[in-house]
Amino acid sequence: MRIATWNVNSVTARLPRLLSWLESSGTDVLCLQELKCAPEAFPTEPLRELGYESAVVATGRWNGVALVSRVGLEDVVLGLPGGPGYPQDEQEPRAVSATCGPARVWSVYVPNGREVDHAHYAYKLRWLTALRDAVTEDAQGLLPFAVLGDFNIAPADADVWDRSVFDGMTHVTEAERAALAALRETGLEDVVPRPLKYDHPFTYWDYRELGFPKNRGMRIDLVYANAPFQKAVKDAYVDREERRGKGASDHAPVVVDLDLDLPHE
DNA sequence: ATGGCTAAGCGTCTTAGA
């Protein structure tokens, strides 16, 4: 089974690439982030024509996540149970989970944080605490389980192209990395993909200042998996080819190949 | 050339992204 996560930066703008990439990559389960669409604007029908079911959480202009699967989509949970809202009580569309064939998976879009002294940063940390609480039971379970998505945190200094550029900025702070460590303490582990080019598996490159051609990237799209899921991993890589050219997202898909039995109908 | 941002909304700028 092939599972992937991809921040598409607008599913509407990315639709031609999304459909062709699904077909060419042979992905069975795709976790999407930054849909940037209203719920009725999600391309459910074009995906169904390719054989995929969809579970979508979206509210319009910002955020939005989905699970797209051709190996089953059961027990869907929309949103992050117990999660905080922003700017007030209402939750943003940042999480969806479901059972896809042999695995239970989440697609998450962790809040950006904006700046360290911004309310959005405190919200980011609260959101990550709620995520840890919500996944603890499944992380310790016997069934393959993983949280995939845009975590908006570089786990280590090597996960940004130049650490000095990030002094005093979000994505590299101790508190954010402690939140990732707390997630690992539930039993999850970072499935680090291999790069297809250069020496580090960056997953995001800023549109500005030739970020991609200069390989000024960050590894912030992560796969956090429990032990049964990790044991099934045969390969993992960043499909940086999808970042190339006109009409690309600023994130590349992270692809994981698993040796798991698919359900037969 | 992989190439000096991109996307959406009520929009001819503002907000957000990281």
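Protein chains get the first letters and strands the later ones, always in sequence-line order, with residue 1 at the start of each. Excluded from the calculations below are hydrogen atoms, water molecules and symmetry mates; all remaining heavy atoms, backbone and side chain alike, are included.
- Residue A/Arg14 places at least one side-chain N or O under 4.0 Å from the OP1 or OP2 atom of B/dA7.
- One can place CZ of A/Phe151 at 17 Å from P of B/dG17, the figure rounded to the nearest angstrom.
- Among B/dG3, B/dA7, B/dA18, the nucleotide with an atom closest to any side-chain atom of A/Asn9 is B/dA7.
- Residue A/Tyr109 is not grouped with residue A/Trp62 when hydrophobic side chains (ILVMFWY) are merged at heavy-atom distances under 4.5 angstrom, including chains of intermediate members.
- Residue A/Lys36 is the one, among A/Met169 and A/Lys36, whose nearest nucleotide of DNA chain B lies closer to the 5' end (criterion: closest heavy atom).
- Aromatic ring centroids of A/Tyr86 and A/His120 lie under 6.0 Å apart.
- Within 6.0 Å of the CG atom in A/Asp89, the count of heavy atoms belonging to other residues, nucleotides or ligands does not exceed 12.
- For A/Asn7, no side-chain nitrogen or oxygen approaches OP1 or OP2 of B/dG17 to under 4.0 Å.
- Straight-line distance between the P atoms of B/dG4 and B/dT15: roughly 26 Å, to the nearest whole Å.
- Residue contacts for A/Thr12: at a heavy-atom cut-off of 4.0 Å it reaches the sugar-phosphate backbone alone, with no base atom in range.
- Here B/dA18 presents its C1' atom at 9 Å from OH of A/Tyr109, a figure rounded to the nearest Å.
- The distance between atom CG of A/Asp206 and atom C1' of B/dG3, rounded to the nearest whole Å, is 14 Å.
- When the P atom is used for both B/dG3 and B/dT14, the distance is 29 Å, rounded to whole Å.
- Between A/His251 and B/dG17, a side-chain N or O to OP1/OP2 separation shorter than 4.0 Å is absent.
- Here the P atom of nucleotide B/dA16 and the CD atom of A/Glu92 are 10 Å apart, to the nearest Å.
- When the side-chain nitrogen and oxygen atoms of A/Arg114 are compared with OP1 and OP2 of B/dG17, one or more of them lie within a distance under 4.0 Å.
- No side-chain donor-acceptor contact under 3.5 Å links A/Thr59 and A/Glu92.
- Rounded to whole angstrom, the span from the CZ atom of A/Arg243 across to the P atom of B/dT6 amounts to 9 Å.
- In A/Gln140, the CD atom is crowded: over 12 heavy atoms of neighbouring residues, nucleotides or ligands sit closer than 6.0 Å.
- Between the A/Arg126 side chain and the A/Pro84 main chain, no donor and acceptor come within less than 3.5 Å of each other.
- Among the protein residues, A/Tyr204 comes within range of the sugar-phosphate backbone only, with heavy atoms under 4.0 Å from sugar or phosphate atoms but none that close to a base.
- Per the geometry, CG belonging to A/Asn63 stands 17 Å off P belonging to B/dA7, to the nearest Å.
- Residues A/Trp161 and A/Tyr204 place their aromatic rings such that the two centres sit no closer than 6.0 Å.
- Taking the C1' atom of each, B/dG11 and B/dA16 are spaced 15 Å apart, rounded to whole Å.
- Rounded to whole Å, the separation between the C1' atoms of B/dA7 and B/dT12 comes to 16 Å.
- The base of B/dA18 has none of its N or O atoms less than 3.5 Å from a complementary donor or acceptor on the side chain of A/Asn152.
- The distance from atom CD of A/Glu34 to atom P of B/dA7 is 11 Å, rounded to the nearest whole Å.
- For the pair A/Asp221 CG and B/dG17 P, the computed distance is 15 Å after rounding to whole Å.
- Residue A/Val11 is the one, among A/Val11 and A/His120, whose nearest nucleotide of DNA chain B lies closer to the 5' end (criterion: closest heavy atom).
- Here, B/dC13 and B/dA18 have their C1' atoms 22 Å apart, quoted to the whole Å.
- Side-chain atoms of A/Arg61 and base atoms of B/dT15 include a donor and an acceptor less than 3.5 Å apart.
- Comparing B/dT6, B/dA16, B/dG3 by their closest approach to the side chain of A/Trp62 singles out B/dA16.
- Across all strands, A/Met218 comes closer than 4.0 Å only to sugar-phosphate atoms, never to a base (heavy-atom distances).
- Residue A/Thr170 is classed as having no contact, given no heavy-atom separation below 4.0 Å to the nucleic acid.
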